[in-house]
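Working notes for the structure below.
Heavy-atom basis, side chains included; hydrogens, waters and symmetry copies ignored. Not measured: the values here are computed from a predicted model. In each ligand, atom 1 is the first atom listed, and ligand 1 is the first ligand listed.
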Amino acid sequence: MEIIFDNIKFTYEGSNEETIKGLSAHLKKNSINAIIGENGSGKTTLIQTINGLIIPDIGEIRIDDFRVKKGIKDYKDLRFNVGMVFQLPEEQIFNLTVEDEIGYTLDYYNYRQDEKEKHILDALKMVGLNKDYLSKNPLSLSQGEKRKVAIATVLAFNPKVIIFDEPTIGLDYKTKENLIKIIRLLKNRFHKTIIIVSHDVDLVHKLSDYICILSNGKIVKSGSKYEIFTDSNLLKKYHIKVPKIIEFEKLVLEKKKIKLGYRDDINDLLKDIYRNAK
Ligand code: ADP
C-alpha cells in the first residue's frame, strides 16, 4: 500500500510547540522504507498517524483508499491493513498466554476458530517459535522472545503494511539477524510495505530501499538509501552516523586508492577487494 502524508501538522495536547510541522512525504509500496532522525524529531509520532493512533490537526494521510484525518472516527478497517510492532513489546503484550496474545486481534476481527488456530501457528512458525510457546506467559519470556511474540501478533492477521519502531533494540546478534531475514521475507515473498524507525544505521543500510530523514517535525530529505548514505554532508548536518560498510569503503579509497562499488553486503565488498587486489 502506498502511504502519502499530505501537509500534516500535529501538536500534543498541553504542548505549546508543534511536533509535526507541515510534513509531506510518500512511502512506497512493496518496499522497505526507513525513517531516521535524531531523538525527539517526531518519528514515533509520525508512524502513529499511519494507523490513526494519532490524528493530525491539519492535513491528511492517504493509505491507498483509507484516510486518516480530523472528522474520521472509525479506523478498524485501516488497522486491519496496517500492523504496528511497538518499540517495547511490554507496551503491546497484555494477555497471559502467547496463544491468547496472538489470538486476541484475530477474535477482534472475527476469525473462525479453525482459521484462528492456523493463523496463530503460522505466525509463530514464521518468527521461529514452536508450539510449546502457546501456553507460556509472554511476559515471562526473554526480550528477544517477547519481540518475536509481538511480531507474530501482527503477522497473524496479515496486514499489508507493517511498521516496526526500533525493532532491534535489546536484541542479541542472532535474534537480530533472524529479524532481518523475516523482514526481507515479508517484502520479497509476501509483498508487504514495511516501515522501519531505527537509530541503527547499519540495520537501515542493510535492509531499507528508501529513507526519509526527519528533523524537527519535517522531512528534510528522502531518497534511495544510496543517495542518502553516500551524502556525507547531509549525514553530518542531521547528526546521522555513517554505516560501517560505507566507512570501510572510504577507508579503502583513502589508504589503498581502490574505489569500491556501493555494496549492501560485506561479502560482496570483500569479493570486490579481492578482485581489485589481484
Ligand atoms: P522520536 O521518535 O523521533 O524520538 P517522538 O515522536 O517520540 O520523537 O517525539 C517528538 C516530540 O514530541 C518530542 O519533543 C517529545 O517530547 C514530544 N512528545 C512525544 N510524545 C508526547 C506526548 N505524549 N505528549 C507530549 N509531547 C510528546
Which protein non-hydrogen atom lies closest to [atom], naming both residue and atom, and how far is it?
atom: atom 12 (O) of ligand 1; value: Thr19 OG1, 3.2 Å
atom: atom 10 (C) of ligand 1; value: Gly40 O, 3.4 Å
atom: atom 7 (O) of ligand 1; value: Thr44 CB, 3.8 Å
atom: atom 8 (O) of ligand 1; value: Gly42 N, 3.1 Å
atom: atom 26 (N) of ligand 1; value: Tyr12 CD1, 3.4 Å

Checklist entry - Heavy-atom contact under 4.0 Å between Ser15 and ligand 1? => result no
Checklist entry - Would Ser41 count as a contact of ligand 1 if the rule is a heavy atom under 4.0 Å away? => result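 Per 4.0 Å heavy-atom rule, Ser41 contacts ligand 1.
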Item to check | Location of contacts on Glu38 toward ligand 1, heavy atoms closer than 4.0 Å | outcome: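 Backbone only.
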Item to check | Heavy-atom closest contact (Val127 atom, Lys148 atom, distance) | outcome: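 Heavy atoms only, the tightest pair is O-CD, 3.3 Å.
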Checklist outcome for this item: For Phe94, the ring pair (Phe, Tyr, Trp, His ring centres under 6.0 Å) test, sequence neighbours excluded, returns Tyr104
Checklist entry - Ion pair present between Asp200 and Lys176, side-chain N to carboxylate O less than 4.0 angstrom? => result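 Yes, charged N to carboxylate O under 4.0 Å.
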Checklist entry - Considering residues at least two apart in sequence or located in another chain, which fulfil the side chain to side chain contact (heavy atoms under 4.5 Å, CB included) criterion with Asp172? => result Lys174, Thr175
Checklist entry - Does atom 15 (C) of ligand 1 have a protein non-hydrogen atom under 4.0 Å from it? => result no
Next on the checklist: Can you confirm whether Asn130 is buried at CG, in the sense that more than 12 heavy atoms of other residues, nucleotides or ligands lie under 6.0 Å from that atom?
Outcome noted: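 Yes, CG of Asn130 has more than 12 neighbouring heavy atoms, counting only those of other groups under 6.0 Å.
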Checklist entry - So between Glu17, Gln48, His199, Lys43, whose heavy atom ends up nearest atom 3 (O) of ligand 1? => result Lys43
Checklist entry - Looking just at side-chain N and O atoms, do Thr45 and Tyr12 make a donor-acceptor pair shorter than 3.5 Å? => result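 Side chains of Thr45 and Tyr12: pair found under 3.5 Å.
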Checklist entry - Do the side-chain N and O atoms of Thr44 and Asp165 include a donor-acceptor pair separated by under 3.5 angstrom? => result yes
Item to check | Contacting atoms of ligand 1, where contact means under 4.0 angstrom from a heavy atom of Thr45 | outcome: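 Going through ligand 1 atom by atom, the ones under 4.0 Å from Thr45 are 5 (P), 6 (O), 9 (O).
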Checklist entry - Does the ring center of His119 lie less than 6.0 Å from the ring center of Phe157? => result no
